[in-house]
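What follows is a short report on a single structure.
All values below were derived from every heavy atom in this structure, side-chain atoms included, with hydrogens, water molecules and symmetry-related copies excluded.
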Amino acid sequence: MNDLQTVTFDTAGYKEKEFGFQLVKMEDVFSFAPTKSKNPFISHRINFFTVLILTEGEMVHEVDFVKCKMTKGDCLFITKGQIHKFDESSQYKGYGIIFTEEFMLHHMSPSAYSKINFLYSHNLSISRFKDFDGRDIIINALKYELSIDHGSIKSDIAASFLTVLLLKVQLNTKNTSGFDEDDYSRFLQFQELVESKYMFTRATKAYANLSGISYKQLNTICMKYAQKTAKDYISHYIVLEAKRQLATTNHQVKQIAYDCGFKEATNFVKFFKKVAGTTPLEFRNTRI
């Protein structure tokens with residue numbers, strides 16, 4: 001078993017990457033010479049955002065060990081930090097739109113960004129949407145504009161089309177009329193704290209203190225934007241990180257337990273089984 005490979009935007013193999021945005025055909029991704037360290041058909045972590053749009057056929061795309069069946073017209077969002085792999089056994093065509101967080105922050109208005117970023121609010125979710133009106137028109141127009149040398153405004157034009165595309169998708173999501181910018185910022189702060197400190201503490205009150213809000217308020221915010229209590233969010237994130245190690249490394253369970261902040265492997269096994277419904281070794285065996 002090989003250690004998990006992280007694909008960065010700069011090393012993904014795309015031809016145009018100077019401003020953090022790329023529209024690429026799926027078949028072009030597959031035409032890159034597969035190597036041990038860069039193969040779209042084996043699990044890999046990405047450090048950028050991706051929208052997959054299926055235009056022909058059907059496939060089963062795996063995101064964080066969950067299999068997502070896609071048919072013609074479906075859109076799948078993969079957020080920064082998630083692990084995914086393409087379906088090697090099916091016949092299908094489509095597009096991948098990839099972009100960095102820096103691209104979004106630099107080229108999108110704060111209002112549009114707050115609505116769009118909701119689609120990528122946390123890496124415990126998998127966002128899949130059906131076809132929407134105007135998709136092909138937007139994609140074809142984007143392809144045309146990217147083929148022209150617009151000089152320094154090329155990135156702004158790309159961002160404009162991406163904004164329209166994602167806002168159209170957002171129209172098909174659940175009603176977000178209750179969206180509150182301050183609460184959402186607190187949720188993102190909580191998410192970042194969990195990602196950086198989960199190996200040190202699992203205590204919800206500790207994260208509430210670090211966020212400068214009450215335990216009750218943190219729970220309310222988590223339920224609103226993640227449909228989980230803060231405690232459940234923390235637990236599921238820890239198990240997800242453990243699954244990533246179990247599936248992509250030869251590390252012993254004892255080492256993974258330590259990496260996830262557990263002093264005793266037995267406590268980690270109990271915790272993992274309670275959250276995932278299976279033991280770490282049972283999960284690993286399903287990945288072989």
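- Contact between Glu58 and Ser90 at its shortest, heavy atoms only, is O-CB, 3.4 Å.
- Using a 4.5 Å cut-off on side-chain heavy atoms (C-beta onward), Leu23 and Lys143 make contact.
- The shortest heavy-atom contact between Ala158 and Leu142 is CA-CD1, 4.1 Å.
- Crowding of Ile148 atom CD1: a count of heavy atoms from other residues, nucleotides or ligands under 6.0 Å exceeding 12.
- Side-chain N or O atoms of Lys154 include none that pairs as donor or acceptor with a backbone N or O of Asp149 at under 3.5 Å.
- Counting heavy atoms from C-beta outward, Leu188 and Tyr225 have side chains that stay 4.5 Å or more apart.
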Report the C-alpha separation of Arg244 and Glu241 in whole Å, then their side-chain angles, then the decisive distance to 0.1 Å, and conclude whether the side chain to side chain contact (heavy atoms under 4.5 Å, CB included) test is met. CA-CA 5 Å; Arg244 287 167 171 170; Glu241 284 297 320; 2.5 Å; yes
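- Residue Gly20 comes nearest to Phe103 through the heavy atom pair O-CB, 3.5 Å, listed as atom of the first residue, atom of the second, then distance.
- Qualifying salt bridge (charged side-chain N to carboxylate O under 4.0 Å, His left out) partners for Glu192, counting only residues two or more places apart in sequence or in other chains: none.
- The two atoms that bring Val7 and Phe48 nearest to each other are O-CE2, 3.5 Å, heavy atoms only.
- Two residues are said to be in side-chain contact when any heavy atoms from C-beta on lie closer than 4.5 Å; Thr286 and Thr278 fail this criterion.
- Ile153 and Leu146 end up in the same hydrophobic cluster when Ile, Leu, Val, Met, Phe, Trp and Tyr side chains are linked at under 4.5 Å.
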Could you go through the side chain to side chain contact (heavy atoms under 4.5 Å, CB included) check for Glu27 and Lys93 one step at a time? CA-CA 7 Å; Glu27 48 266 43; Lys93 291 183 179 180; 3.9 Å; yes
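- Separating the CD1 atom in Ile221 from the CD1 atom in Ile213 is a distance of 4.0 Å, to the nearest 0.5 Å.
- The line from CG of Leu167 to CE of Met108 is 8.0 Å long, rounded to the nearest 0.5 Å.
- Using bins of under 30°, 30° to 60° and over 60° for the plane-to-plane angle, the ring pair Phe187/Phe190 lands in the tilted bin.
- Side-chain contact check for Ile139 versus Ile97: some heavy-atom pair is nearer than 4.5 Å.
- Note: the hydrophobic cluster containing Leu162 does not contain Tyr144 (ILVMFWY, side chain heavy atoms under 4.5 Å, direct or indirect links).
- Remark: the backbone N or O of Thr71 is paired with a side-chain donor or acceptor of Asp74 at under 3.5 angstrom.
- There is no path of hydrophobic side-chain contacts, each under 4.5 Å, that joins Tyr215 to Leu218.
- Rounded to the nearest 0.5 Å, atoms OG1 (Thr100) and CG (Asn47) are 8.5 Å apart.
- Of the possible polar contacts, none joining the Arg45 side chain to the Ile83 backbone as a donor-acceptor pair under 3.5 Å is found.
- Nearest heavy atoms, Thr229 versus Cys222: C-CB, 4.1 Å.
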Kindly indicate, with the supporting measurements, whether the criterion side chain to side chain contact (heavy atoms under 4.5 Å, CB included) is fulfilled by Lys197 and Tyr207. CA-CA 9 Å; Lys197 298 185 181 299; Tyr207 287 102; 3.9 Å; yes
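- From Ile238, atom CD1 reaches atom CZ of Phe272 across 12.0 Å, with rounding to the nearest 0.5 Å.
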Side-chain donor-acceptor distances from residues 257-270 under 3.5 Å, at least two apart:
{"residue": "Asp259", "atom": "OD1", "partner": "Gln255", "partner atom": "NE2", "Å": "2.8"}
{"residue": "Asp259", "atom": "OD2", "partner": "Gln255", "partner atom": "NE2", "Å": "3.4"}

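- Arg284 has its side chain within reach of Thr249: a pair of non-hydrogen atoms, C-beta onward, lies under 4.5 Å apart.
- Taking OG1 of Thr79 as the reference point, atom NE2 of His84 lies at 11.5 Å (rounded to 0.5 Å).
- Both Tyr233 and Phe200 are assigned to one and the same hydrophobic cluster, defined by single-linkage of ILVMFWY side chains at heavy-atom distances under 4.5 Å.
- Without hydrogens or angle criteria, Tyr92 side chain to Met70 main chain gives no donor-acceptor distance under 3.5 Å.
- Put simply, the residue from Phe41, Phe86, Phe77 that forms a ring-ring contact (aromatic ring centres under 6.0 Å, His included) with His61 is Phe86.
- Leu52 and Gly96 get closest at one heavy-atom pair: CD2-CA, 4.1 Å.
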Checking side chain to side chain contact (heavy atoms under 4.5 Å, CB included) for the pair Arg186/Ser211: CA distance, chi angles, key distance, verdict? CA-CA 7 Å; Arg186 293 186 183 101; Ser211 302; over 6 Å; no
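- In this structure, the separation between CE on Met26 and OG1 on Thr55 is 7.5 Å, given to the nearest 0.5 Å.
- Heavy atoms of other residues, nucleotides or ligands lying less than 6.0 angstrom from NE2 of His150 number more than 12.
- In this structure, Met223 shares a hydrophobic cluster with no other residue, the cluster being traced through Ile, Leu, Val, Met, Phe, Trp and Tyr side chains under 4.5 angstrom apart.
- Residues Thr220 and Lys224 have side chains not in contact (no heavy-atom distance under 4.5 Å, counting atoms from C-beta outward).
- Ile42 and Val60 fall into different hydrophobic clusters, where Ile, Leu, Val, Met, Phe, Trp and Tyr are joined by side-chain heavy atoms under 4.5 Å apart, directly or via other members.
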